[in-house]
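Encoded as structure tokens, the structure appears first; notes follow it.
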2 protein chains.
Amino acid sequence: MDRRPVTLEEVARIAGVSRATVSRVVNGVATVDRELRQVVEKAISTTGYTPNRAARSLVTRRAGAIGLVLPEEGRTVHDPYFGRVVSGVLPVIRPLGVQLVLTTGDHREVVDDIRQHRLDGVILIHTHGADPLPRQLIEANLPVVLAARPVRPMSITYVDVDQAAGAALAADHLVASGCRRLATITGPLETPAGQDRLRGFRDAVARHGLPEAVVVEGDFSREGGAAAARRLVDLDVDGLFVASDLMATGALPVLRNGGRRVPEDVKVVGFDDSSPAVECDPPLTTVRQPVEDMAAEMARLLVERVERPDRPVSSVVFAPTLVVRRSS
Amino acid sequence: MDRRPVTLEEVARIAGVSRATVSRVVNGVATVDRELRQVVEKAISTTGYTPNRAARSLVTRRAGAIGLVLPEEGRTVHDPYFGRVVSGVLPVIRPLGVQLVLTTGDHREVVDDIRQHRLDGVILIHTHGADPLPRQLIEANLPVVLAARPVRPMSITYVDVDQAAGAALAADHLVASGCRRLATITGPLETPAGQDRLRGFRDAVARHGLPEAVVVEGDFSREGGAAAARRLVDLDVDGLFVASDLMATGALPVLRNGGRRVPEDVKVVGFDDSSPAVECDPPLTTVRQPVEDMAAEMARLLVERVERPDRPVSSVVFAPTLVVRRSS
DNA sequence: CTGAAAGCGCTTACAG
DNA sequence: CTGAAAGCGCTTACAG
């Protein structure tokens, strides 16, 4: 605070070399003479030198920071998913000396942050179909990674879980548990996740030679889950796949109040493995996304893109797993 | 990305003034002639100029960023509390052009980040008694704000809720609801929150002229709440204050399985108003901290401290409120 | 392999 | 009120 930090200049003076040489040692440039390197390293450690990032940024044109963009509503921050993303990203970028900056989804701000060299690129989570930000960033040729497959096909890097495979996991598990009369509460069918989970479930049911599942559209909310369950509770269904845990926590009390015991009368499988899945009664069997691993991959892809903007765009799809609990 | 961003230099050339003048306009220095200001503003908007932050940082010695330090375990990130802090901080610092950087509690890294001018100061959440970081930062005279009263008294800025007042709120509510035989499951008694909530509860019980409450120490975990509840379930208690919602979610099933109905036989009040409080059965009456407001205040205090390091240290304590739900 | 020098894009005394 | 100039602390061609 009070005393000025040590500069490259001082280290150079102490080591008896030029600033350029100290800079090379700091940045690990290989062409420095062994002995000289050691002298410099000694000077660095005795002075406790640590480079001024602003100065470096100014010449390298790199912020050394990436942004995690939150939807503007801000609701998402409370979502445990957000925490899992953060804990996946941090271990990847920290060793690289890259900072993680939290920003909201205001378009101007995000674009400005990148243009001002305050951010080298951004990770977008929870974007919806109408969100123009991904396309804007792409068109401005700014480094960006999406946390899910975009609603409309576009040339953008994303990391996702194989949604259809997750739904198939749920179907296979229900069938293996003896269920024959299946139903599903879907997500909103205009979202890729909503579509893919329905498709994966349906296909798996067909593969097992069972009659078509009853389908009720939901909206990923607790209330939506409850509403959908009310339309199912009097049907003769013995296996239910709910496309999100949150909807399932809405559906469970409706089933119970309707006299359908879980899992005795109807087995239930959710999706996400979020905290409500553990807290509800009975705890939910659910499809788990490897969110931390996915987030780590997003960070890696983004850093890669920042360093080599000319490389071809590629995306990564992870496999989900099934977590079995008492609801099935 | 491709085309270089506009610089102050270019704006100056277009406006026909010096760089200094443009800089003054950008920074809102009052002494610029009206007409000149307008010419400059026009040039800024036609060029879409936006200042390079690294260059500014280099000369002002301000990073324009503050850090939110997470405990190293990383567990905290999943805590909804964290999300509430973020959504409280962001609206305060965004208009100031200050970034929020997420970092882990590694001491060297935090101190380095500040010394490198990558961070102007930090907000520390979830520090525990043994954590040397707060003291280190204070001794290095670096701007820091704690999210709670420090375990040992020290000259540091913190924002907290009045814990004892919250516990008293719980006691008053239980008594007003007709409870006479009270008990409490405390937090760990080596923490300030654990101590203060117990003290506040006890004092309020005494104030009502009731016999001393039964006290069982917990540890703020769900399992700890369940374990503590086992020691209470056969006691003749009709009002229970649990010092955290998470512990309460552990205690509830134990009470139910022990034949104690909530709220008919025993009324239960938690603390935190976290998501488990809403999700458990029955939903919990609980003491709510205004976390977003507290976080906003932390941000304000930190920014203030960065700008005027010489001002006396002051802290802020907020009043809690009671949220009544079905458990009481 | 090493150093002198230019330059990154700003802000801010200092004159006028 | 305005401008010329110095300087913030680095990196990186360019010579040698």
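Order of the sequence lines fixes the chain letters, A, B, ..., with proteins taken first and strands second; residue numbering starts at 1 for each chain. Note that the structure is predicted; figures quoted are calculated from it, not measured.
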With a 4.5 Å heavy-atom cut-off, do [X] and [Y] have their side chains touching?
{"X": "Ile114(A)", "Y": "Leu137(A)", "answer": "yes"}
{"X": "Asp160(A)", "Y": "Phe318(A)", "answer": "no"}
{"X": "Leu301(B)", "Y": "Val316(B)", "answer": "yes"}
{"X": "Gln99(A)", "Y": "Thr103(B)", "answer": "no"}
{"X": "Arg94(A)", "Y": "Val98(A)", "answer": "no"}

Between [atom2] on [N] and [atom1] on [X], what's the gap in Å once rounded to a whole number?
{"X": "Leu58(B)", "N": "dC8(D)", "atom1": "CG", "atom2": "P", "answer": "9 Å"}
{"X": "Asn27(B)", "N": "dG9(C)", "atom1": "CG", "atom2": "P", "answer": "17 Å"}
{"X": "Glu9(B)", "N": "dT11(C)", "atom1": "CD", "atom2": "P", "answer": "13 Å"}
{"X": "Arg62(A)", "N": "dT12(D)", "atom1": "CZ", "atom2": "C1'", "answer": "15 Å"}
{"X": "Tyr49(A)", "N": "dG9(D)", "atom1": "OH", "atom2": "P", "answer": "10 Å"}
{"X": "Leu8(A)", "N": "dG7(D)", "atom1": "CG", "atom2": "P", "answer": "18 Å"}
{"X": "Arg61(A)", "N": "dC10(D)", "atom1": "CZ", "atom2": "C1'", "answer": "14 Å"}
{"X": "Glu10(A)", "N": "dC10(D)", "atom1": "CD", "atom2": "C1'", "answer": "14 Å"}

Can you name the atoms? Protein N/O to nucleotides 3-6 of chain D N/O, anything below 3.5 Å, with the distance.
from	atom 1	to	atom 2	distance (Å)
dG3(D)	OP2	Ser18(B)	N	3.2
dG3(D)	OP2	Ser18(B)	OG	3.2
dG3(D)	OP2	Thr21(B)	OG1	2.7
dG3(D)	N7	Arg24(B)	NH1	3.3
dG3(D)	O6	Arg24(B)	NH2	2.6
dA6(D)	N6	Arg19(B)	NH2	3.3

*Could you tell me which residues satisfy side-chain hydrogen bond (donor to acceptor under 3.5 Å, both in side chains) with Thr157(A), sequence neighbours excluded, listed by chain and number?*
none

_With Ser57(B) via side-chain hydrogen bond (donor to acceptor under 3.5 Å, both in side chains) - residues at least two apart_ = none

*Give every residue pair that meets the salt bridge (Lys or Arg N to Asp or Glu O under 4.0 Å) criterion with at least one member in residues 134-150 of chain B, sequence neighbours excluded.*
Arg149(B)-Asp196(B)

Without placing hydrogens or testing angles, list every side-chain donor-acceptor pair under 3.5 Å for residues 44-51 of chain B, not counting sequence neighbours.
from	atom 1	to	atom 2	distance (Å)
Ser45(B)	OG	Lys42(B)	O	3.1
Thr46(B)	OG1	Lys42(B)	O	3.4
Thr46(B)	OG1	Ala43(B)	O	3.2
Thr47(B)	OG1	Ala43(B)	O	2.7
Thr47(B)	OG1	Ile44(B)	O	3.1
Thr47(B)	OG1	Tyr49(B)	N	3.3
Thr50(B)	OG1	Gln116(A)	OE1	2.6

*Watson-Crick and G-U pairing of DNA chain C written in dot-bracket, each distance under 3.5 angstrom, with | for inter-strand partners*: |||.||||||||.|||

